[in-house]
Enquirer: 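Attaching a single structure in structure tokens format; questions to follow.
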Amino acid sequence: MQRDQSRISYGGGKNNGLAKPPTLGPRLIPRSPSVPSLHGEKSFNSLNMSDPVLNRPIYKENPSKESRISNIGKAFLEPEYTPDIQASPSTIGGNSNLSVIDMYADDMESQLASEESEELHPTTINETNETSNTSSKLVPKFMNRLSLSTSSHDRNADTDDDDDENIYQQNQPIPKSPRINISSKDAEHFDRYGFKKQSTYITEQEYDIWWREYFQYCIRRKNKWIQLMEKNDLSANDESVRRFPPKSEKLKRYVRKGIPAEWRGNAWWYFANGQQLLDENTGTYPQLLLKIDHIETLPDKENKYPDLEIIERDLNRTFPDNIHFQRESFQTDEPEMIKSLRRVLVAFSLYNPKIGYCQSMNFLAGLLLLFLDEEKSFWMLVLLTSKYLPGVHNVNLEGVNIDQGVLMLCVKEYLPEIWEYIIPSNKHNNKNNLNKLMNSGFSSNHHNTRSQESNKNEFLFKLPPVTLCTASWFMSCFVGVLPIEVSLRIWDCLFYEGSHFLFKVSLGILKLSEGELLKSKHYDSITHYSLNGNQNKKSMNPEENEMELFQILQSFPKRLLNPNDIFEKIIFKKRITFNNLDQEEIDRCRQYVTDQRQKNKPLADTKKSSSHTNINNNQSSDNSVISNHSDTNYRNNNIHKFRSVKHTNSSEEHLPAGTTEGYGFKRSITSVNWNSGLKQKVRQIRGKKD
Amino acid sequence: MLQFKLVLLGDSSVGKSSIVNRFVKDSFDEFRESTIGAAFLSQTVTIKDDDQDVTVKFEIWDTAGQERYKSLAPMYYRNSNAALVVYDITQADSLEKAQSWVHELKNKVDDNNLVIYLVGNKVDLTKDDEEKRVVDRDVAEKYAQENGLLFNEVSAKTGEGIQQIFQTIGENLYEVRKKENTTNNSNMANRAHGQVDIQLPRPSTNDSTSCCS
């Protein structure tokens, strides 16, 4: 049965099954012969001979605007395009690539496919809830073939919400779809986005078992979304969902429970306000494509544009397990997705030379291309690297260092047990040791005497090694860090709520990792150690502990197959205090860490490589192209207002003498529910020591 | 069991992760995802000391190769006992990058006993087509000799020479520890367990306070 599902979910084949979840039954059906084939099928066919998706037509959503782009881009970028395509540019669609989202913009096809699906899949829908009208209309019929009962887990997941879901009881056997040409042998191994189900950490069987349930969850959520859209007089048609209701707590909750996969690209675009950026920069991307074309002709392009080669090396190292990025052995040409990825990344490196190309952006752009057309993906990449992850991908990586400093502040505040693994509290009692230990990497021996005042927050400018792991979470926005469905749920919230959500998720993962640490042999001793301040106990080596944490953090998130394991068990729990973190607090922390790092720059830079010495110069002149680094421009407004009575001590103790800036977590003002007793105890111990 | 910290350095896509993957899991992927940040793995080798088997555990830091990640490198190589500096024998630039890593290690790591192993990867590509080679073995070998580095050409794809790298490093470090053990037995933290009674200093920098104090 599961095989059938997966086959169906992927039924459209390459470029189709991708962003077409099973909830989109009609979309998975190969192109109706009545629909004219407009896109570059020649090149597609040559790539994927056995792939039904190749026959799918691609429509543009906005011909007048986007054809302009694609014409410019195609004419020179894809000389192999067939003349008929170039001759009918207005029909090519805005997507000079063949990204999946092309299919989204295809109303007619959808309708046709939909009608076909009803003919072809007479269903025996058996709905047990009052929304049957809606659902029968909107849920692809074939989905009701699943004879799966909803798990108790899912029920629980939804009970804490007022938008209680209607749960389907589907007991019908799954008929085989006659329309699926791709062999189940191939298709069953890939998920609905084209990613291989199996990973080093998850077996295909585990995936299938989980997906059987999560698939039902997705259907229920989509029905909820449809109702919400209709209440707001908005289109809920997969092909024309462009606008979304005004922001509200309810909508936020809906987003947190997952945007329907087939609406994702447009939802991200809408919530991130991509259209505004595009409108303000009409013609920019086509111009960049022209520039790329010009560069391609230069004899010394590698020297003038060193990013080109680095990008080239990473193209085939971007989602090598995703069929859309793979070149089949029989293919002579590289996949369209790879071409799009190259164009987006090269265009970006030209557009923002301060960032150029940074490894990890290949994953950001790659994921965007699975959900949006090329130009929109480009602008979303611009937004990600400026608004959501300011400075993170800069040449000096200062932004990611700042964010890691902020994360460390958050861990210290909210997850003291984890913090003990990162910076054991006994270090505070032995400043020389601490300095030597922490400096050994940077070897600034004369630092010891200078930093007596500031070594309490030394971790802000001498980041602990665990941040080498957590930094990648931010750089790639959790793509590849977590299984894909979890990453996508995070992206939903990121674009709706802002970058502070990344910190919440990071804290959530760290909190979940506590369970893993518990299993470790050191846990008892370290807990005992920190609680009693027993400095004579030498049962553990701080570095070993941190490495243990590191190893857990780099592997266990990859096993978090079910998004609701982190969303429902952590993110939705109001009593977990870090869930109340908001953008303002994170921005304030970012400003604080930025200032601290600038102040301590001479220390941090001692004996470091020259590439690291111009951090602040780059940082300050970073806005040559994009000036809306709003996340970092936040100034220290109202800091004192937020510095709580409770937090004053610990906050103050982190400040070098004479510093007026500070950070504070609002949560300290209200109650600290999470393990407050332990936290209090740790503070007391620290207070005594100091 | 002895434990050593080893760091992989080198230009992007020279095959650092592939070498580790071959060593740790004895597998190879034609296309590996780019390493973002760093990865941490461990694997053991067994070396012979007379008729005794000594287990040596490597804690391996695999790093991102792009230039801009270089500023993070001190975090990886601090306290390292060994460094694997990798280049691609089909990419001339990559040897230059490797040499700059060697230079940095020699300047920044205080440990005189740091074992640096220069590795030319992708030797499989030249098996059928020697023209693909752009870095002469002699050139790299000469550089290695002049700078006191261990050297070999390997292939992560076929596995050729991979195990031997770690075997050799293990043996080298073991000999160093043995010597140190006879001369200096007091301030060092004992991280040896089991078969061999040996005092293993850790970290390998001269900063003795950074071990389990």
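Proteins get letters first, then strands, A, B, ... in listed order; numbering begins at 1 in each.
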Enquirer: With no hydrogens and no angle check, is any side-chain donor or acceptor of B:Arg68 less than 3.5 Å from a backbone partner on A:His393?
Expert: yes

Enquirer: If we ignore hydrogens and angles and just use 3.5 Å, is the side chain of B:Glu33 paired with the main-chain N or O of A:Phe363 as donor and acceptor?
Expert: no

Enquirer: Any side-chain heavy-atom pair from A:Glu309 and B:Gln91 closer than 4.5 angstrom?
Expert: yes

Enquirer: Chain B: which of A:Leu397, A:Thr318, A:Val481 shares the most heavy-atom pairs with it under 4.5 Å?
Expert: A:Leu397

Enquirer: Does any backbone or side-chain atom of A:Gln359 lie under 4.5 Å from a heavy atom of chain B? Answer side chain, backbone, both or neither.
Expert: both

Enquirer: List the atom of A:Leu468, the atom of B:Met75, and the distance in Å for their closest heavy-atom pair.
Expert: CD2-CE, 3.7 Å

Enquirer: Taking everything shown except A:Asp300 itself, do over 12 heavy atoms lie less than 6.0 Å from its CG?
Expert: yes

Enquirer: For A:Lys301, look at atom NZ and say whether over 12 heavy atoms of other residues, nucleotides or ligands are found less than 6.0 Å away.
Expert: yes

Enquirer: How long is the gap from CZ on A:Arg317 to OG on B:Ser17, to the nearest 0.5 Å?
Expert: 7.0 Å

Enquirer: Which heavy atom of B:Gln66 sits nearest to which heavy atom of A:Tyr357, and what is that distance?
Expert: NE2-O, 2.6 Å

Enquirer: Check whether B:Thr35 gets within reach of chain A through its side chain, its backbone, both or neither, counting any heavy atom under 4.5 Å.
Expert: backbone

Enquirer: Nearest 0.5 Å, what's the CD1-OG distance between A:Ile310 and B:Ser34?
Expert: 11.5 Å

Enquirer: What distance separates A:Cys358 SG from B:Ile36 CD1, expressed to the nearest 0.5 Å?
Expert: 7.0 Å

Enquirer: Any chance you could measure B:Tyr69, atom OH, to A:Ser360, atom OG, to the nearest 0.5 Å?
Expert: 4.5 Å

Enquirer: Roughly how far, to the nearest 0.5 Å, is the CG atom of A:Leu549 from the CZ atom of B:Phe40?
Expert: 11.5 Å

Enquirer: Would you mind telling me which of A:Pro465, A:Cys469, A:Ser476, A:Ala471 has the largest number of heavy-atom pairs within less than 4.5 Å of chain B?
Expert: A:Pro465

Enquirer: For the CG atom of A:Asp321 and the CZ atom of B:Phe31, what is their distance to the nearest 0.5 Å?
Expert: 12.0 Å

Enquirer: When you look at CD of B:Glu130, are more than 12 heavy atoms from neighbouring residues, nucleotides or ligands closer to it than 6.0 Å?
Expert: yes

Enquirer: Identify which part of B:Ala39 has an atom lying under 4.5 Å from any heavy atom of chain A, answering side chain, backbone, both or neither.
Expert: both

Enquirer: Are A:Arg313 and B:Asp88 close enough for a salt bridge, meaning some N to O gap below 4.0 Å?
Expert: no

Enquirer: Heavy-atom cut-off 4.5 Å, strictly under: side chain, backbone, both or neither for A:Thr467 against chain B?
Expert: side chain

